[in-house]
Amino acid sequence: TTSPHQQHLLFVEMSSIDMRVSIENDHFPHCIVFSPLPLLSWIFPFIGHLGIVDSSGIINDFGGDYYINKDKHKTAFGVVTKYYPIKHYQIKRLNPSHSDKVEMVDSAINDASCKYARQTHNIITNNCHAHVAVALNELELDGFKYWNTLFLIIYMVLFSRFVSFKRFLVSYIPMLVILSITVLVFTFSSIKFED
């Protein structure tokens, strides 16, 4: 049997070292991470803010014009609610200038962050998803080099994991409240009262 502490540690093997995702410490090395965006995620909880994390656990996310947020525990928009660990066997690009895949992932994240630190933000075309996509395209994650906003939304919906049930609620409660209010308003507005 495993202890609850061991159940919360996930091992992501990168090259010759094991990198641990620690949910208790909000530590997600070499993961794609997701946070809800106020208002937008309340209506569409599958759309949110993405970041990508280096081997030391620093989240890199494009938080606005000329701004790359770098934090150990949060994105520019708050706590991580979902994550997807990048596994070494998913990296298909061969790069002889890097001695191992840990260095290769860190370099791709750094390159993407340096590029986006000099760009303006646009919620539709030049956003946090595009920043993550640049790093994934450089790595050719899963042999694919055409990552973009739409593919990342779909990928995170299908393959990411919620950090905890509480963080699941952070993502979905606002939508459920809005949906409930909408149903109540339409239900009561359609009832005809007799005079």
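All values below come from the heavy atoms of this structure, side chains included, with hydrogens, waters and symmetry mates left out.
Other residues, nucleotides and ligands contribute over 12 non-hydrogen atoms within 6.0 Å of the NZ atom of Lys72. Counting heavy-atom neighbours within 6.0 Å of Phe44 CZ, excluding the residue itself, gives a total of 12 or less.
Connection of Leu179 to Leu184 is not established within any shared hydrophobic cluster, with ILVMFWY side chains joined at heavy-atom distances below 4.5 Å, either directly or through further cluster members. Under the 4.5 Å side-chain heavy-atom criterion for ILVMFWY residues, a single connected hydrophobic cluster contains both Ile154 and Leu152. In the hydrophobic cluster analysis, where Ile, Leu, Val, Met, Phe, Trp and Tyr join through side-chain heavy atoms closer than 4.5 angstrom, Met156 is grouped together with Val132.
Taking every heavy atom of both residues into account, Pro85 and Gln90 meet most closely at O-OE1, 3.8 Å. Looking at every heavy atom in both residues, Lys82 comes nearest to Val80 through O-CG1, 3.2 Å. Of all the heavy atoms in Pro29 and Val53, the pair that sits closest is CA-CG1, 3.9 Å.
Checking side-chain atoms of Lys166 against main-chain N and O of Val163 turns up no donor-acceptor pair under 3.5 Å. For Asp106 (side chain) and Ser55 (main-chain N/O), a donor-acceptor pair under 3.5 Å exists by modelled atom type. Judged by distance alone, with hydrogens and angles left aside, the side-chain atoms of Asp54 form a donor-acceptor pair with the main-chain N or O of Ser56 at under 3.5 Å.
Between Phe144 and Phe151, the gap from one ring centroid to the other is short of 6.0 Å. Taking the six-membered ring for Trp and the full ring otherwise, Tyr155 and Phe159 have centroids separated by under 6.0 Å.
Using a 4.5 Å heavy-atom cutoff, the side chains of Ile91 and Asp142 are not in contact.
A salt bridge is defined here as a Lys NZ or Arg NE, NH1 or NH2 lying under 4.0 Å from an Asp or Glu carboxylate O, and Arg167 with Asp26 meets this definition.
Side chains of Asn60 and Ser113: a donor on one and an acceptor on the other come within 3.5 Å. Neither side chain, Tyr67 nor Asp65, offers a donor N or O lying under 3.5 Å from an acceptor on the other.
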Full working for ring pair (Phe, Tyr, Trp, His ring centres under 6.0 Å) between Phe34 and His49: CA-CA 6 Å; Phe34 175 95; His49 185 68; 8.9 Å; no
